[in-house]
Amino acid sequence: MAVVLQLEDITQEFGGLRALDLVNISVKEQQIFGIIGPNGAGKTTLFNIITGIYVPTGGKVFFKGQLINKKPAWSVARMGIGRTFQNIRLFNKLSVLDNVRVGSYGASKSGFLSGMLGLPGERREEKRILEETEELLRLVDLYEKRWEFAENLAYGEQRRLEIARALALKPALLLLDEPAAGMNSSEKAELMDLIWKIREEKKITILLVEHDMNLVMNICEQIAVLNYGRKIADGTPEEVVNDEGVIQSYLGAEA
């Protein structure tokens with residue numbers, strides 16, 4: 001399998017505080033890859049570097065073989081990297097349909113002039129976006145609620161809506177930042193099914209940060225463990241859960 005994302009010696013400092021220290025990670029095509037570690041380990045900082053929100057202090061980020069270190073976030077998104085956030089960021093006063101449709105415009109080829117004049121190409125583009133938006137809402141089981149305001153959805157539904165909006169960019173790599181946070185056991189089971197479904201139907205690579213070890217161990221094929229900004233382990237779920245350093249620093253000796 002080809003490598004989709006390659007992180008080489010990633011280092012990030014904030015005013016003398018080193019949040020990440022020489023982190024190396026390789027994520028392969030169509031892999032479900034998990035990043036775990038205690039709070040403050042640098043997991044979300046790593047996501048912000050990958051998506052262009054931060055420029056790393058040191059090291060290199062390659063996406064499909066292309067160096068993307070200094071590309072702005074909008075350019076990284078257009079290249080094919082979509083993400084969700086730790087705290088849900090929806091347009092609460094827009095409908096479910098429009099929340100996803102907004103994401104689609106990030107991958108739209110229409111320009112300002114064609115949109116203003118309502119040219120035939122623009123009308124075809126609008127029709128395509130609507131069809132693709134409805135398809136994504138069916139995928140995340142929200143089609144029947146497409147006219148609801150986003151703020152009226154249940155918490156688990158809002159999480160699924162945010163995933164649908166990220167998918168509207170047609171990413172090759174989808175980053176999920178604690179997608180199970182705040183969910184009950186039933187919602188987490190549905191989320192696991194959805195992540196598998198997305199990977200199988202969309203043929204994309206998924207990189208997720210998550211604290212729920214049951215979810216991580218059951219869905220990820222490869223896991224990297226961060227602790228105080230350093231990678232202390234990288235391997236299959238079985239290898240990671242039996243790693244002495246991981247047990248001592250994160251899972252706990254009893255686990």
Side-chain angles (χ1 to χ4, degrees), residues 1-5 25-37 43-44 46-48 50-51 63 77 80-90 96 99-100 103-104 107 132-143 145 150 153-226 234-241:
M1 288 248 181
V3 173
V4 171
L5 179 71
I25 289 176
S26 180
V27 183
K28 295 179 181 178
E29 189 177 22
Q30 294 186 38
Q31 195 172 43
I32 300 178
F33 194 109
I35 299 177
I36 64 173
K43 304 182 298 296
T44 296
L46 196 64
F47 266 28
N48 288 338
I50 294 168
T51 54
F63 176 59
I81 299 180
R83 76 170 291 182
T84 64
F85 291 86
Q86 205 169 3
N87 299 312
I88 296 173
R89 299 185 183 183
L90 296 173
V96 168
N99 263 275
V100 179
S104 297
E132 291 177 355
T133 297
E134 290 178 339
E135 178 192 339
L136 288 173
L137 290 177
R138 289 188 180 95
L139 177 67
V140 300
D141 197 25
L142 288 174
Y143 180 75
K145 296 190 175 185
L153 296 180
Y155 182 82
E157 292 174 333
Q158 290 185 351
R159 284 282 181 192
R160 297 205 306 272
L161 177 57
E162 194 174 38
I163 291 172
R165 187 178 60 187
L167 288 172
L169 276 168
K170 299 182 178 179
L173 173 64
L174 176 64
L175 277 60
L176 303 177
D177 195 351
E178 296 195 28
M183 287 187 174
N184 59 40
S185 57
S186 175
E187 289 171 332
K188 288 176 182 177
E190 291 174 356
L191 176 66
M192 281 196 283
D193 289 341
L194 177 60
I195 291 172
W196 277 112
K197 190 176 179 182
I198 289 170
R199 198 272 294 273
E200 295 306 309
E201 291 193 10
K202 299 297 181 181
K203 307 299 181 188
I204 64 176
T205 306
I206 298 173
L207 179 64
L208 66 91
V209 161
E210 186 51 64
H211 283 291
D212 188 294
M213 294 306 296
N214 181 59
L215 186 148
V216 170
M217 293 299 168
N218 279 287
I219 202 169
C220 294
E221 295 144 335
Q222 192 82 2
I223 299 170
V225 188
L226 299 183
D234 190 340
T236 65
E238 184 178 1
E239 290 169 340
V240 165
V241 81

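Note: hydrogens, waters and symmetry copies are ignored here, and every other heavy atom, side chains too, is used.
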Original post:
In terms of heavy-atom contacts, does CD of Glu200 have more than 12 from other residues, nucleotides or ligands at under 6.0 Å?
Top reply: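 Atom CD in Glu200 is packed in, count exceeds 12.
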
**OP:** Verify the neighbour count for atom NZ of Lys188: are there more than 12 heavy atoms of other residues, nucleotides or ligands below 6.0 Å?
**Re:**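 Counting other residues, nucleotides and ligands, NZ of Lys188 exceeds 12 neighbours.
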
Is the shortest heavy-atom distance from the side chain of [X] to the side chain of [Y] under 4.5 Å?
X      : Y      : answer
Leu153 : Leu90  : no
Val216 : Val240 : no
Leu161 : Leu137 : yes

**OP:** Using the salt bridge (Lys or Arg N to Asp or Glu O under 4.0 Å) rule, take Glu132 and Lys170 through it: C-alpha gap first, then chi angles, then the decisive distance, then the call.
**Re:** CA-CA 10 Å; Glu132 291 177 355; Lys170 299 182 178 179; 3.1 Å; yes

Testing the basics here: between [X] and [Y], what is the closest heavy-atom pair and its distance to 0.1 Å?
X      : Y      : result
Leu173 : Phe63  : CB-CE1, 3.9 Å
Glu210 : Ile36  : O-CG2, 3.5 Å
Ala166 : Leu174 : CB-CD1, 3.7 Å
Pro171 : Gly82  : CB-N, 3.5 Å
Ile204 : Ala172 : CB-O, 3.6 Å
Phe47  : Leu175 : CE2-CB, 3.6 Å

Which value, rounded to the nearest 0.5 Å, describes the distance between [X] atom [atom1] and [Y] atom [atom2]?
X      : Y      : atom1 : atom2 : answer
Leu46  : Leu207 : CG    : CG    : 7.5 Å
Ile223 : Leu208 : CD1   : CG    : 9.0 Å
Asn218 : Ile32  : CG    : CD1   : 11.5 Å
Phe33  : Ile25  : CZ    : CD1   : 5.0 Å
Lys145 : Glu157 : NZ    : CD    : 3.5 Å
Met217 : Asp212 : CE    : CG    : 10.5 Å

Kindly say whether [Y] contributes a backbone atom to a donor-acceptor pair with the side chain of [X] at under 3.5 angstrom?
X      : Y      : value
Lys43  : Gly37  : yes
Glu162 : Arg89  : yes
Gln158 : Tyr155 : no
Glu134 : Tyr143 : no
Arg165 : Gly103 : no

**OP:** Going by the side chain to side chain contact (heavy atoms under 4.5 Å, CB included) test, name the single residue among Leu136, Ile195, Leu191 that passes it with Ile163.
**Re:**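 Per the side chain to side chain contact (heavy atoms under 4.5 Å, CB included) rule, the option paired with Ile163 is Leu191, out of Leu136, Ile195, Leu191.
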
**OP:** Could you walk me through whether Leu139 and Leu167 pass side-chain contact (heavy atoms from CB on, under 4.5 Å), step by step?
**Re:** CA-CA 10 Å; Leu139 177 67; Leu167 288 172; 3.9 Å; yes

**OP:** Decide, yes or no, whether a salt bridge links Arg199 with Glu221 under the criterion of side-chain N to carboxylate O below 4.0 Å.
**Re:**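 Result for this pair is yes, salt bridge flagged.
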
Subject >> Side-chain ion pair, Glu135 and Lys202, N-O less than 4.0 Å >> reply: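 A salt bridge links Glu135 with Lys202.
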
**OP:** With side-chain contact (heavy atoms from CB on, under 4.5 Å) as the test, would you mind laying out the steps for Gln222 and Thr236 before giving the verdict?
**Re:** CA-CA 5 Å; Gln222 192 82 2; Thr236 65; 4.3 Å; yes

**OP:** Identify which one of Thr44, Thr51, Thr84 satisfies the side-chain hydrogen bond (donor to acceptor under 3.5 Å, both in side chains) criterion when paired with Asp177.
**Re:** Thr44

